[in-house]
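Worksheet: the structure to be examined is printed underneath.
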Amino acid sequence: RERQHSERVSSLAFLLGKEINMEDETLMRLRSAAVLHDIGKINIDLSILDKPGKLTKSEYSIIQSHTESGSRILATVPEYKELSKIVVSHHENYDGTGYPFGIKSELIPIESRIISIVDAYDAMTNDRPYRPALTKIDAIKELLANSGTQFDPRLVDSFVTILRKNNT
């Protein structure tokens, strides 16, 4: 499930990167970071990852640790140092309310802002242990409702354009 999710996130991130005219080198870095964005989840017990009900505060804190854990894993490989900076920030919110650092807007790497959007979209449009999938239309409504707070509004607009154009 996680591998399929990461592959879908990578493909959607690449499409969004192309839509905003990212340079080839940045696109390749984005694609790689998107595939590896949840690598830190290997340190989280499946009983938490697959829990069908609401997470406790402690369990949610453990889930949140996957960004820093993934970043540390990637930072051990010199070629992945840049990817580690993207992975650690993929749950930062545009308004500064995300984690782990609470940074906002342009301080969040653009690759992380892209992954945040497509990760959320993919999570919403696929069944999860704790809830059934949303329709594409409902997921788009959620992205738009959180544009400017959780997500970069310009990137949301570009992503919604892609979704409507490609019927993705």
Side-chain angles (χ1 to χ4, degrees), residues 1-45 48-49 55 58-126 128 139 142-143 146-163 168:
R1 180 184 73 201
E2 289 297 326
R3 188 195 80 217
Q4 291 170 336
H5 166 68
S6 291
E7 289 171 357
R8 289 189 304 266
V9 168
S10 180
S11 295
L12 291 170
F14 184 78
L15 286 176
L16 180 49
K18 284 195 74 83
E19 178 74 17
I20 64 167
N21 299 313
M22 276 187 157
E23 294 180 9
D24 289 345
E25 184 178 324
T26 307
L27 271 173
M28 293 304 108
R29 187 172 54 241
L30 170 62
R31 181 176 248 169
S32 297
V35 166
L36 297 168
H37 77 281
D38 279 342
I39 193 168
K41 286 184 177 178
I42 64 170
N43 293 324
I44 300 175
D45 193 272
I48 295 173
L49 288 176
L55 296 174
S58 172
E59 290 167 335
Y60 186 63
S61 179
I62 291 167
I63 291 286
Q64 287 180 312
S65 73
H66 84 279
T67 59
E68 291 176 287
S69 176
S71 178
R72 282 192 303 273
I73 291 166
L74 294 173
T76 64
V77 180
E79 296 84 14
Y80 289 172
K81 195 99 171 145
E82 286 301 310
L83 299 183
S84 73
K85 295 172 188 173
I86 297 166
V87 166
V88 75
S89 300
H90 80 273
H91 281 290
E92 296 288 356
N93 291 341
Y94 195 72
D95 66 1
T97 61
Y99 62 88
F101 306 119
I103 57 177
K104 65 181 183 176
S105 66
E106 305 301 317
L107 295 176
I108 306 165
I110 190 165
E111 299 95 337
S112 302
R113 286 181 273 146
I114 288 172
I115 292 169
S116 175
I117 293 166
V118 300
D119 182 34
Y121 175 79
D122 187 73
M124 287 187 280
T125 56
N126 287 278
R128 294 294 171 140
E142 281 294 314
L143 291 176
N146 291 287
S147 178
T149 53
Q150 184 175 357
F151 307 119
D152 181 324
R154 290 173 294 129
L155 294 174
V156 168
D157 289 345
S158 295
F159 187 57
V160 169
T161 297
I162 291 168
L163 294 172
T168 305

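Just so it is clear, the structure is predicted and the values come from calculations on it, not from any experiment.
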Once you round to the nearest 0.5 Å, how far does [atom1] of [X] lie from [atom2] of [Y]?
X: Leu30; Y: Arg113; atom1: CG; atom2: CZ; answer: 11.5 Å
X: Lys85; Y: Glu111; atom1: NZ; atom2: CD; answer: 11.0 Å
X: Arg8; Y: Asn126; atom1: CZ; atom2: CG; answer: 4.0 Å
X: Leu15; Y: Ile162; atom1: CG; atom2: CD1; answer: 5.5 Å
X: Ile117; Y: Ser158; atom1: CD1; atom2: OG; answer: 8.5 Å
X: Ser112; Y: His90; atom1: OG; atom2: NE2; answer: 8.5 Å

Using only heavy-atom distances, determine whether the side chains of Asp119 and His37 contain a donor-acceptor pair under 3.5 Å.
yes
Hey, is the main chain of [Y] close enough, under 3.5 Å, to the side chain of [X] for a donor-acceptor pair?
X: Ser147; Y: Leu143; value: no
X: Asn93; Y: Asp95; value: no
X: Thr161; Y: Asp157; value: yes
X: Ser6; Y: Arg3; value: no
X: Glu92; Y: Ile103; value: yes
X: Ser10; Y: Arg31; value: yes

Partner of Ser69 under side-chain contact (heavy atoms from CB on, under 4.5 Å), chosen from Leu74, Ile39, Ile42, Asn43
Asn43
Please state whether the rings of Tyr99 and His66 are parallel, tilted or perpendicular, taking 30° and 60° as the class boundaries.
perpendicular
For [X] against [Y], the heavy-atom pair lying closest together:
X: Ile63; Y: Leu55; value: CG1-CD1, 3.8 Å
X: Ile108; Y: Ser89; value: CG2-O, 4.0 Å
X: Tyr94; Y: Gly148; value: CD2-O, 3.8 Å
X: Leu27; Y: Phe14; value: CD2-O, 3.7 Å
X: Val87; Y: Ala33; value: CG2-O, 4.0 Å
X: Ile73; Y: Gly40; value: CD1-CA, 4.4 Å

Side chains of Val9 and His5 in contact at under 4.5 Å (non-hydrogen atoms)
yes
Does any non-hydrogen side-chain atom of Tyr121 lie less than 4.5 Å from one of Leu163?
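Yes, close enough: below the 4.5 Å cut-off.
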Between Glu23 and Arg29, does at least one N-O distance fall below 4.0 Å, as a salt bridge requires?
no
Closer than 4.0 angstrom, basic N to acidic O: yes or no for Arg72 and Glu68?
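So Arg72 does not pair with Glu68 through a salt bridge.
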Within 6.0 angstrom of Asp45 CG, more than 12 heavy atoms from elsewhere
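More than 12 within 6.0 Å, yes.
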